[in-house]
Amino acid sequence: MDLLKELEGAKKIGISGHVRPDGDCVGSCLAMYNYLLNAMEGVELTLFLQPPANVFSFMKNFDKINTSFVGINDFDAYIALDSGDLSRLGDAEPFFRRAKKKICIDHHVSNTGYGDVSLVEGEASSTCEVIYTLFDKKYIDDDIAACIYTGIVHDTGVFQYSNTKKRTFDIIGDLTEYNFDTSKIIDETFYQKTYVQNQILGRVLTESILFMDGKCIAGIVSQKMMRFYDAVPTDLEGIVNQLRVTKGVEVAIFLHEMRPTEYKVSMRSNGKVNVSTIAQYFGGGGHVRAAGCVLNGTYHDVLNNLSKHIEKQLEQ
């Protein structure tokens with residue numbers, strides 16, 4: 001994809017990522033926003049996102065993010081980033097649908113390509129990795145490099161996940177030539193936790209359950225717990241990954257009760273189970289080792305439904 005050629009002539013451009021934006025989503029969206037400001041003279045840009053975690057506020061133009069989804073309704077072009085399907089754009093979906101030109105850039109294997117022009121690289125570590133390959137280096141500056149670095153750090157688990165390939169490290173090598181604090185980004189946006197985050201994590205780990213002969217582990221945060229700790233959804237980042245590193249576990253499941261009997265499901269695999277196919281079966285999506293969906297029922301109903309599919313794969 002020749003990104004600037006695809007946007008040629010566009011004066012009003014919209015950008016969005018998925019609901020409940022994580023590091024790769026925020027990083028890719030702000031990298032794209034800042035890049036187009038550098039590369040396209042006179043362009044009017046609008047970036048719509050649900051409120052991101054404040055740990056990402058160091059990124060340039062974080063304060064320009066439109067979290068109200070109110071503003072321009074008609075765009076010459078609209079770029080959807082890191083969103084596995086159209087519905088994951090949330091309140092930005094109507095803007096994308098009405099745009100004269102729709103561009104989809106992503107790395108989720110479940111993405112079938114819903115743009116007029118789509119680039120989906122399922123083997124890429126992150127959407128930040130994908131967009132870096134599209135950027136003309138003469139328009140990349142320190143701020144853009146920091147955004148891309150942050151996204152790659154988050155979606156690779158600081159380079160420990162299997163999606164970290166040679167190209168990923170090659171790009172990281174390029175990015176370290178720019179002037180930004182790589183260690184600070186890793187410490188403050190990935191590892192550092194608030195007191196509330198640590199309390200919730202401890203509670204989930206203490207109350208987690210092992211099943212399927214220790215091959216699966218599950219943890220839950222209920223609405224009652226969220227109220228007790230005065231927590232917000234961003235406080236739950238990283239819990240499923242901590243469950244995943246339990247010795248002997250093949251699949252970790254984390255449930256966040258969004259409404260009574262409605263759960264946001266996050267799954268992580270250590271390799272033997274393709275959790276993306278399970279999530280897709282239930283209307284979700286993601287990657288082979290990291291995927292999610294929304295399920296209704298009791299806590300035990302949800303685990304039972306997921307277990308059938310996990311067990312089937314483990315028996316193969």
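Residue numbers run from 1 in the order of the sequence given.
Residue Phe211 forms a side-chain contact (heavy atoms from CB on, under 4.5 Å) with just one option from Ile217, Ile310, Ile253, and that option is Ile253. Each of Met32, His18, His107 was compared with Thr127 under the side-chain contact (heavy atoms from CB on, under 4.5 Å) criterion, and only His107 meets it.
The closest side-chain heavy-atom distance from Val120 to Val130 is not below 4.5 Å. Between Thr206 and Ser208, every side-chain heavy-atom pair lies at or beyond the 4.5 Å cut-off. Within the 4.5 Å cutoff, the side chain of Ile131 has heavy atoms near those of the Leu81 side chain. Contact annotation: the side chain of Leu314 approaches that of Lys272 to within less than 4.5 Å [non-hydrogen atoms, C-beta and beyond].
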- Item | Audit row: Ser276, Gln280, side chain to side chain donor-acceptor pair (under 3.5 Å) steps and yes/no | CA-CA 6 Å; Ser276 176; Gln280 287 180 62; 3.0 Å; yes
- Message: Please evaluate residues Asp181 and Ser183 with respect to the criterion side chain to side chain donor-acceptor pair (under 3.5 Å), reporting the C-alpha separation (whole Å), side-chain torsions for both, the decisive distance (0.1 Å), and the verdict.
- Response: CA-CA 6 Å; Asp181 194 332; Ser183 296; 4.5 Å; no
- Message: The test is side chain to side chain donor-acceptor pair (under 3.5 Å); show your working for Asn270 and Arg244 and say whether it passes.
- Response: CA-CA 7 Å; Asn270 280 321; Arg244 181 189 64 81; 2.7 Å; yes
- Query: Yes or no on side-chain contact (heavy atoms from CB on, under 4.5 Å) for Leu36 and Leu4, after CA distance, side-chain angles and deciding distance?
  - Reply: CA-CA 9 Å; Leu36 295 182; Leu4 295 180; 4.2 Å; yes
- Query: Passes side-chain contact (heavy atoms from CB on, under 4.5 Å), Thr189 versus Phe58? Steps please.
  - Reply: CA-CA 10 Å; Thr189 73; Phe58 70 92; 3.6 Å; yes
- Message: Quick one, Glu257 with Val221, criterion side-chain contact (heavy atoms from CB on, under 4.5 Å). Give me CA distance, side-chain angles, the key distance, then yes/no.
- Response: CA-CA 6 Å; Glu257 186 185 28; Val221 168; over 6 Å; no
- Task: Go through the steps for Gln313 and Thr277 under the test side chain to side chain donor-acceptor pair (under 3.5 Å), then give the verdict.
- Result: CA-CA 10 Å; Gln313 289 195 39; Thr277 60; 3.1 Å; yes
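Applying the ring pair (Phe, Tyr, Trp, His ring centres under 6.0 Å) test to every pair with at least one member in residues 258-281, sequence neighbours left out, gives these pairs: Tyr281-His309. Among pairs with a residue in residues 216-241, those fulfilling side-chain hydrogen bond (donor to acceptor under 3.5 Å, both in side chains) read Tyr161-Asn241, Arg203-Tyr229, Asn241-Arg268, at least two apart in sequence or across chains.
A donor atom on one side chain and an acceptor atom on the other are not found under 3.5 Å apart for Asn305 and Ser307. A donor atom on one side chain and an acceptor atom on the other are not found under 3.5 Å apart for Gln199 and Thr194. For Ser125 and Glu129, the side-chain atoms include at least one donor-acceptor pair closer than 3.5 Å. Side-chain N/O atoms of Asp155 and Ser126 include no donor and acceptor closer than 3.5 Å. Asn34 and Asp143 share no side-chain donor-acceptor pair at under 3.5 Å.
The residues Lys11 and Glu44 are annotated as not salt-bridged, no charged nitrogen and carboxylate oxygen being separated by less than 4.0 angstrom. Ion pairing of Lys12 with Asp76 is absent here, as no side-chain N (NZ or NE/NH1/NH2) approaches a carboxylate O to less than 4.0 Å. Between Arg167 and Glu121 there is a salt bridge, with a side-chain nitrogen of the basic residue lying less than 4.0 Å from a carboxylate oxygen of the acidic one.
Cluster annotation: Leu210 and Leu243 are assigned to the same hydrophobic cluster (Ile/Leu/Val/Met/Phe/Trp/Tyr, side-chain heavy-atom contacts under 4.5 Å, transitive). Put simply, Val196 and Ile239 are part of the same group of oily side chains (I, L, V, M, F, W, Y) that touch within less than 4.5 Å, one to the next. Using a 4.5 Å cut-off between side-chain heavy atoms of Ile, Leu, Val, Met, Phe, Trp and Tyr, with links allowed through other members, Leu86 and Phe282 fall into different hydrophobic clusters. When hydrophobic clusters are built by joining Ile, Leu, Val, Met, Phe, Trp and Tyr residues whose side-chain heavy atoms come closer than 4.5 Å, directly or via intermediates, Tyr139 is grouped together with Ile103. Taking hydrophobic clusters as Ile, Leu, Val, Met, Phe, Trp and Tyr residues chained together by side-chain heavy-atom distances below 4.5 Å, Ile13 shares a cluster with Leu30.
Classified by interplanar angle (parallel below 30°, tilted 30° to 60°, perpendicular above 60°), the ring pair Tyr149/Phe159 is perpendicular. By the 30° and 60° cut-offs, the orientation of the rings of Phe135 relative to Tyr35 is parallel.
Every residue two or more places apart in sequence or in another chain that forms a side chain to side chain contact (heavy atoms under 4.5 Å, CB included) with Asp187 is listed here: Tyr191.
Residue Lys137 places its NZ atom among more than 12 non-hydrogen atoms of other residues, nucleotides or ligands, all under 6.0 Å distant. Environment of CD in Gln160: crowded, with over 12 heavy atoms of neighbouring residues, nucleotides or ligands closer than 6.0 Å.
Between the side chain of Asp85 and the backbone N or O of Arg88 there is at least one donor-acceptor pair closer than 3.5 Å. Without hydrogens or angle criteria, Asn163 side chain to Glu123 main chain gives no donor-acceptor distance under 3.5 Å.
Remark: aromatic rings of Phe95 and Phe48 are close, center separation under 6.0 Å.
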